[in-house]
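Working notes, beginning with the structure itself.
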Number of protein chains: 2
Amino acid sequence: MAVPSSVSVTPTASPLFLRENEVRRGVELLFFGYTRLTRAIDEGLAEHGLGRAHHRALYFIARQPDLPISTLLKILAITKQSLGRVLTDLGDRGLVETRTGNVDRRQKLLRLTPEGVQFEAQLFDALRNSLASAYAAAGQESVTGFWRVLEGLIPAEDKAMVVALQRDI
Amino acid sequence: MAVPSSVSVTPTASPLFLRENEVRRGVELLFFGYTRLTRAIDEGLAEHGLGRAHHRALYFIARQPDLPISTLLKILAITKQSLGRVLTDLGDRGLVETRTGNVDRRQKLLRLTPEGVQFEAQLFDALRNSLASAYAAAGQESVTGFWRVLEGLIPAEDKAMVVALQRDI
DNA sequence: GAAGATGGGACAGCCATATTGACGTATCTT
DNA sequence: AAGATACGTCAATATGGCTGTCCCATCTTC
């Protein structure tokens, strides 16, 4: 309480008491930032009777058409059963379709239907509005720092997965 | 697919197709970064039979001792009933205690017990390890950018709340 | 001092999303 | 032919949200 209210950049190595504040600030901003960003799409999802779990699947299928289910399972890090329910819902609504893999016929490759593409794009618009305005307010240099810190939060064993997602950008 | 795999900083205003990639990159890094950070404390919570909802309450009570319940409700943005369950669990385990407010006797002010302080500190250690190493890898300039972008994601009406949290740093 | 607003607690029931464990089938690999 | 892998499915369970309703204590306002 009696500590000076400096929340500014610490140019050199921080003493421990400042380091804690920097960490708490990151924890809080991540919490609020993440929850507010996801909230931006809830309304659009609710119109179709879907939840955030459906959006996560929709998002990554949009990102990598012909994604095998096993890959999506690794990305989302949930169980087959949980994903199964989500994919059933998306299939029932005509947003996602599967086809048998041609190199491995055991695989089912996921992709969006035209309706799915349109719906995902609509949801993405909301995300873009939020993130693009945050990017613009912060400036491009800040965006680079934003990415760098977040990359540092991803454990080494998961990094390949994220890189693969962004490989074809 | 045929687009060059540049994920580097775009120095000036981005053409639209790059803007989308920048946004998708942010969405993905936020998703993976946030989920991996929260995963860092699951084990410690499970030892007490608690979940993430309990940690969120614990965290903000640690952050602002003598927090009234109404304020915590605004921070977490959940219903009174949902929070009530969480606080009951924390109280039963002797981690959180309440006392009647002295300016407004209707209020119950929340604070951690000594055991609660110790437990929260233990969980915070896991968060610190993750975030501090990400900070160190990215560098202080990146940390500033990280904060700036996340601040831009918080709607104006919620900003005062976050600032209040960080006021006494 | 009475009326209304506010802070908090509690009951009942519901929903979304995740979990574990077990088992079955088709297909690929060796 | 044997084993591993990809996917589907059944049953049961846990967590963490939600709505609606009602209650009590206390503060504020007229």
Side-chain angles (χ1 to χ4, degrees), chain A residues 31 34-35 38-39 41-61 66-93 96-111, chain B residues 31 34-35 38-39 41-61 66-93 96-111:
Chain A
F31 170 69
Y34 183 76
T35 59
T38 57
R39 225 166 266 181
I41 55 170
D42 284 351
E43 198 177 327
L45 285 166
E47 285 171 18
H48 289 249
L50 300 174
R52 287 177 193 172
H54 301 94
H55 177 250
R56 290 196 286 273
L58 213 51
Y59 178 93
F60 288 108
I61 296 169
D66 288 332
L67 191 67
I69 288 185
S70 55
T71 304
L72 186 54
L73 279 173
K74 282 177 202 145
I75 290 172
L76 297 176
I78 58 176
T79 58
K80 201 166 44 159
Q81 293 74 5
S82 298
L83 180 58
R85 198 171 15 84
V86 167
L87 291 180
T88 299
D89 292 344
L90 293 175
D92 288 349
R93 283 167 178 75
V96 166
E97 60 189 7
T98 64
R99 56 191 194 82
T100 302
N102 39 11
V103 311
D104 185 337
R105 290 175 45 79
R106 291 171 305 178
Q107 289 187 326
K108 283 194 179 176
L109 306 183
L110 297 159
R111 57 163 59 231
Chain B
F31 169 69
Y34 182 77
T35 58
T38 57
R39 224 166 265 180
I41 55 172
D42 284 350
E43 198 177 328
L45 285 165
E47 284 170 18
H48 288 249
L50 299 173
R52 288 178 193 170
H54 301 94
H55 177 250
R56 290 195 286 272
L58 213 50
Y59 178 95
F60 287 110
I61 296 169
D66 287 332
L67 190 68
I69 288 185
S70 56
T71 305
L72 186 52
L73 279 174
K74 282 176 202 145
I75 290 173
L76 296 177
I78 58 176
T79 59
K80 201 166 44 161
Q81 294 74 4
S82 298
L83 180 58
R85 240 187 339 208
V86 167
L87 291 180
T88 300
D89 293 343
L90 294 174
D92 287 350
R93 283 165 178 74
V96 165
E97 62 190 5
T98 64
R99 55 192 195 81
T100 302
N102 40 11
V103 311
D104 185 336
R105 290 176 43 79
R106 291 170 305 178
Q107 288 186 329
K108 283 195 177 174
L109 307 182
L110 297 160
R111 57 164 57 232

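Here is the naming used below: chain letters follow the sequence lines, and residue numbers restart at 1 for every chain. When reading the values below, keep in mind they use all heavy atoms of this one structure, side chains included, and skip hydrogens, waters and symmetry mates. As the structure is a computational prediction, the values presented were derived from the model and not from experiment.
Listed in residue order, the members of residues 69-78 of chain A having a heavy atom less than 4.0 Å from DNA chain C are A:A77, A:I78.
The main-chain N or O of A:H48 is found under 3.5 Å from a side-chain atom of A:R93 such that the two form a donor-acceptor pair.
Put simply, OG1 on A:T38 and CG on A:L45 are 10.0 Å apart, with the number rounded to the nearest 0.5 Å. The OG1 atom of A:T100 sits 8.0 Å away from the CG atom of A:L109 when rounded to the nearest 0.5 Å.
For B:K80, the listed nucleotide lying nearest its side chain is C:dG9; candidates were D:dA6, C:dG9, D:dT26. Nearest to the side chain of A:Q107, among D:dT26, C:dG21, D:dA6, sits D:dA6. Comparing C:dT17, C:dT20, D:dT5 by their closest approach to the side chain of A:R106 singles out D:dT5.
Checking the phosphate oxygens (OP1, OP2) of D:dG16, a side-chain nitrogen or oxygen of B:H54 falls inside 4.0 Å. Proximity of A:T79 to the phosphate of C:dT19: a side-chain N or O atom is located under 4.0 Å from OP1 or OP2. For A:K108, no side-chain nitrogen or oxygen approaches OP1 or OP2 of C:dA26 to under 4.0 Å.
When heavy atoms are screened at a 4.0 angstrom cut-off, B:R85 is found touching base atoms of the nucleic acid. Within 4.0 Å of B:G84, counting heavy atoms only, lies no atom of the nucleic acid at all.
When the P atom of D:dT15 is taken as reference, atom CG of B:L90 falls 13 Å away, rounded to whole Å. Summarising the geometry, the separation between CG on A:D89 and P on D:dG8 is reported as 14 Å, rounded to the nearest angstrom. A straight line from CG of A:L83 to P of C:dA16 spans 17 Å, rounded to a whole angstrom. Atom CZ of B:R99 is separated from atom P of C:dG7 by 18 Å (rounded to the nearest Å). Rounded to whole Å, the distance from CZ on A:R39 to C1' on D:dC18 is 14 Å. For the pair A:H55 NE2 and C:dA16 P, the interatomic distance rounds to 18 Å; values are reported in whole Å. The CG-C1' distance, from A:D42 to C:dT17, rounds to 14 Å in whole Å. A straight line from CG of B:D104 to P of D:dT29 spans 12 Å, rounded to a whole angstrom.
At most 12 heavy atoms of other shown residues, nucleotides or ligands fall within 6.0 angstrom of atom CZ in B:R105.
Residues A:K108 and A:T98 approach most closely at CD-OG1, 4.0 Å, considering heavy atoms.
Side-chain contact check for A:L50 versus A:H55: every heavy-atom pair is 4.5 Å or farther apart.
Between A:Y34 and B:Y34, the two ring planes are parallel [angle under 30°; tilted spans 30° to 60°].
Each of B:Q81 and B:V86 was assigned the nucleotide of DNA chain D with the nearest heavy atom; the assignment lying further toward the 5' end belongs to B:V86.
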